Protein chains: 2
Amino acid sequence: MDYSIGQVAEAAGVTVRTLRHYDAIGLLRPSGRTAAGYRRYGDADLERLQQILFYRELGFPLEDIATILDDPDADALTHLRRQRELLMGRIDRLRAMVDAIELAMEARRVGVDLTPEERLEIFGGDPDVHRAEAEERWGDTDAYRESQRRTAAYTKEDWKRITAEQKAIVDGFAEARAAGVPATDARAMDLAERHRGFITDSFYECSVRMHRRLAELYVNDSRFTAVFDRTAEGLAQYVHDAICANADRQEAR
Amino acid sequence: MDYSIGQVAEAAGVTVRTLRHYDAIGLLRPSGRTAAGYRRYGDADLERLQQILFYRELGFPLEDIATILDDPDADALTHLRRQRELLMGRIDRLRAMVDAIELAMEARRVGVDLTPEERLEIFGGDPDVHRAEAEERWGDTDAYRESQRRTAAYTKEDWKRITAEQKAIVDGFAEARAAGVPATDARAMDLAERHRGFITDSFYECSVRMHRRLAELYVNDSRFTAVFDRTAEGLAQYVHDAICANADRQEAR
DNA sequence: GCTGGAGCCTGCCGTAACGTCAGGGTCAAC
DNA sequence: GTTGACCCTGACGTTACGGCAGGCTCCAGC
């Protein structure tokens, strides 16, 4: 509930000095102090620290991180979605670099010379893309505000619709299973696809690959299993199977 | 052949100041100066700059980069191999982060609480792994020296053996094709697999996936195509097909 | 009751990798 | 022959900390 600076440093893999620095510049102020002036970090502080470390690892300056995290228009889900996109972008970039490396390896092996431009192409690729990208993404652009409206500002109406759809899907799975419909049946798969579309429309883009990973989660993590099983015992497994079957079908198309 | 500091900065996507800094600390000294004292960069300088930028992007301090690049025991291929491994490691790490993000997204969506440790697990994962990793990798360890000996110090004997095997494989492909053996025949596929094993043993680890990428290169990049086609017209395509067929076979096993 | 060592505090100076001027030379073009 | 783009060398500023010094705090053990 309440950690000393040393404990937080240990848990997060940073130095005590770093945490004091973040306090000094106002990036992460501990939510309390003891009578003797010792810093005390709460759970919310840890959560914020985790966000800080994430953006820091991607090379964001601390000042920008503060701006991002203190944006009152961005909720946790917005952050997660942005973080995932940032990561994907980085992975793509690294993959492109791997390709370039392999090109260079093979060129050297067979004695082909690469042009200077060819070699600098990828690596010179300005590494502060995320500077411009960031401004475009969480800056004052219309596109950003638009994407914001989609989820950050749900109306009560929206929430009613969303929870209804959520319930309809889960109930649909439960009924299908009760009726003896196998998880590999088209009706179950359709429900899975509807589930995927629902997530994409209302929360975050959910690819087939990602849907598959979610299915794994539902059966492997008891906390997620419980969410389904409180509708019907063993439903998580059924949903998992339907999602997998649907994923196979989608990929086969 | 010979570029001004501004041209190099432009091409590499760095500032002029950065290049002057690298000159000042001795990391990248231009190979010449004009009578008026203007810096002049040659092709070798560009190549070194490219290496510098690579390691810099992966977060290495400039001093370490100098040590790496000035290591007399490491040739270009050694660098490329190391770079590829470093990239793969980073990609793995980013992928793990994506997984963690997706876990958090889904947890939030269905209302599951993650524990603080769970959240810090990945992100707290010390980002200076490559510090220890680097020392272990290019430091004074036995394992490193061992891996060095494999390729950095080819004897004349080795080279004779290697070029002979290279020629044997290419000739094998040419003969098979001349004899009307289809690229999808087991004999052609065996040659492809021998080619892959040859690269792995003598140069760098070549996975099936990578072998496939090399095959693409052979037909898509005219400079590589030429390497094969100077043995026999159209051989590159044949080799490409054989590699693909073999890759399918390997993956099917 | 006190004492020793681990942990915490606030300055304050150092460092790495540049950014950003200031003040001044160079060069091709008009 | 001068204008504007490009180059030079200092030199000081900045970010994100590392690493002290000098001093308080807290708990375990005698």
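Quick note on labels: first sequence line is chain A, next is B, and so on, each numbered from 1. The model shown is predicted, which means the values in this text are computed figures rather than measured ones.
Distances from the side chain of A:Ile5 to the nucleotides D:dA16, C:dC9, D:dC7 place C:dC9 closest. Side chain of A:Glu63, nearest nucleotide from C:dC18, D:dT15, D:dC17: D:dT15.
Here D:dA16 presents its P atom at 16 Å from OH of A:Tyr55, a figure rounded to the nearest Å. In this structure, A:Glu57 places its CD atom 15 Å from P of D:dA16, rounding to the nearest Å. The distance from atom NE2 of A:His21 to atom P of C:dT15 is 18 Å, rounded to the nearest whole Å. The distance from atom CZ of A:Arg20 to atom P of C:dG7 is 13 Å, rounded to the nearest whole Å. Distance, A:Leu28 CG to D:dA16 P: 15 Å, rounded to whole Å. Note: CG (B:Leu19) to C1' (C:dT20) measures 16 Å, nearest angstrom. Note: OH (B:Tyr38) to C1' (C:dA28) measures 11 Å, nearest angstrom. Between the C1' atom of C:dT20 and the CZ atom of B:Arg17 lies a distance of 9 Å, rounded to the nearest Å.
If A:Ala36 and A:Ile25 are placed on DNA chain D by their nearest nucleotide, the residue sitting closer to the 5' end is A:Ile25. In this structure, B:Ala35 and A:Arg33 both approach DNA chain C, and ranking their closest nucleotides by distance from the 5' end singles out A:Arg33.
In this structure, A:Thr15 reaches the sugar-phosphate backbone alone: every heavy-atom distance under 4.0 Å involves primed, P, OP1 or OP2 atoms, never a base. Within the nucleic acid shown, A:Arg39 comes within 4.0 Å of sugar-phosphate atoms alone, with no base atom in reach, counting heavy atoms only. B:Ser4 comes within 4.0 angstrom of sugar-phosphate atoms only, judged by non-hydrogen atoms across all strands, and of no base. As judged by a 4.0 angstrom heavy-atom cut-off over every strand, A:Arg40 is placed among residues making no nucleic acid contact.
Considering B:Arg48, B:His21, B:Arg56 as possible partners of B:Leu27, the one that fulfils the side-chain contact (heavy atoms from CB on, under 4.5 Å) test is B:Arg48.
Across every non-hydrogen atom of A:Ala12 and A:Leu49, the tightest pair is CB-CD2, 3.6 Å. B:Asp2 and B:Gln7 get closest at one heavy-atom pair: O-OE1, 4.4 Å. Closest approach of B:Tyr218 and B:Ala236 over heavy atoms only: O-CB, 3.7 Å.
Applying the 4.0 Å criterion to OP1 and OP2 of C:dC8, one finds that A:Thr34 has every side-chain N and O outside that range. Of the side-chain N and O atoms in B:Tyr22, none sit less than 4.0 angstrom from OP1 or OP2 of C:dA17.
Other residues, nucleotides and ligands contribute only 12 or fewer heavy atoms inside 6.0 Å of the CD atom of B:Glu10.
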